[in-house]
Amino acid sequence: MMTFDNKVNRIEEDRGASNSISFMVIMLFIMTMLVSFIDVGLYFNVKNQMTAAAENGARSVALYGGVNTNLRDVRGGSLSPEDVTWETIPDNFKSGTANKTVEVNRSGIVCSPKSGKIFAGDPVKCEVTYIYNGIAGRFSLFNIGRGNNAANKSMKVTGTSVSEVTIK
């Protein structure tokens, strides 16, 4: 027969359930931090790739001239600086692909100057606008690149260069 003292001792020794709940709470916190850190790393990787694409477009404008929307015949003539920039963006980042982490539209690429005269030494630039959705969604601790609407979510990187040609 179980006495009152035995029941109290048995309750005091039964700590298995509380340890399991503590473990689950701690693991939830650790997993949230882990996914958030991976998300931050991916954000900086994407930003680096978008900056490299913008710099490549600006470099093309600087080397081959970018007025009148086409590069000089040295580069094929029918390519625009935006086309060169678009080609350097990884295919899985482009809109219409299955990747929902990063979205880049062709219309989000703007290179300048568009018209007028470019003299050697003038600054030229290309801007790439993209949306970074991340992998953690609302569970990320840092919420990088997230806003209430699409306008707040878009990010812009700029690549600049100095023109090496004079186009009149």
Side-chain angles (χ1 to χ4, degrees), residues 29-168:
F29 179 71
I30 288 173
M31 292 304 290
T32 302
M33 286 188 59
L34 179 66
V35 169
S36 296
F37 288 144
I38 292 171
D39 194 28
V40 168
L42 286 175
Y43 165 76
F44 284 112
N45 182 33
V46 167
K47 185 175 180 180
N48 187 27
Q49 288 180 342
M50 293 297 121
T51 302
E55 288 172 351
N56 190 33
R59 191 169 37 255
S60 295
V61 172
L63 290 175
Y64 304 114
V67 296
N68 302 325
T69 70
N70 286 333
L71 300 177
R72 284 192 310 162
D73 289 337
V74 178
R75 186 71 178 179
S78 62
L79 287 176
S80 69
E82 290 85 1
D83 290 334
V84 173
T85 305
W86 181 250
E87 291 301 320
T88 59
I89 295 173
D91 288 337
N92 61 336
F93 289 173
K94 296 176 182 177
S95 293
T97 60
N99 184 6
K100 297 298 181 195
T101 305
V102 181
E103 298 175 38
V104 181
N105 288 323
R106 172 71 175 76
S107 61
I109 301 172
V110 178
C111 294
S112 62
K114 286 286 187 191
S115 62
K117 296 180 180 180
I118 296 179
F119 296 102
D122 286 349
V124 294
K125 67 178 182 175
C126 281
E127 294 177 344
V128 177
T129 303
Y130 65 98
I131 295 174
Y132 179 75
N133 295 318
I135 60 169
R138 297 186 182 271
F139 297 106
S140 175
L141 295 177
F142 305 110
N143 285 330
I144 294 177
R146 291 175 188 79
N148 295 331
N149 56 32
N152 290 342
K153 292 172 74 172
S154 64
M155 300 185 182
K156 187 182 293 187
V157 292
T158 303
T160 58
S161 190
V162 176
S163 179
E164 296 183 16
V165 296
T166 298
I167 304 289
K168 296 180 182 179

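- Of the possible polar contacts, none joining the S154 side chain to the I131 backbone as a donor-acceptor pair under 3.5 Å is found.
- Here the closest non-hydrogen pair linking V157 and K47 is CG1-CG, 4.1 Å.
- Within the 4.5 Å cutoff, no side-chain heavy atoms of I30 are placed close to those of M33.
- In terms of heavy-atom proximity, G134 sits nearest to D39 at CA-OD1, 3.3 Å.
- Here the shortest heavy-atom pairing between C111 and E82 reads N-OE2, 3.1 Å.
- Of all the heavy atoms in C126 and A58, the pair that sits closest is SG-N, 3.5 Å.
- Counting only heavy atoms from C-beta outward, the side chains of M50 and Y132 never approach each other to under 4.5 Å.
- Atom OG1 of T85 is separated from atom CD1 of I109 by 5.5 Å, given to the nearest 0.5 angstrom.
- At least one side-chain heavy atom of R106 sits under 4.5 Å from a side-chain heavy atom of D83.
- Between Y130 and V46 there is a side-chain heavy-atom pair separated by less than 4.5 Å.
- Scanning both residues, T158 and A54, for their nearest heavy atoms gives C-CB, 4.1 Å.
- The structure places OG of S36 at 10.5 Å from CE of M31, a figure rounded to the nearest 0.5 Å.
- The shortest non-hydrogen separation linking S60 to V84 is OG-CG1, 3.2 Å.
- In this structure, the side chains of W86 and I89 come closer than 4.5 Å at one or more pairs of heavy atoms.
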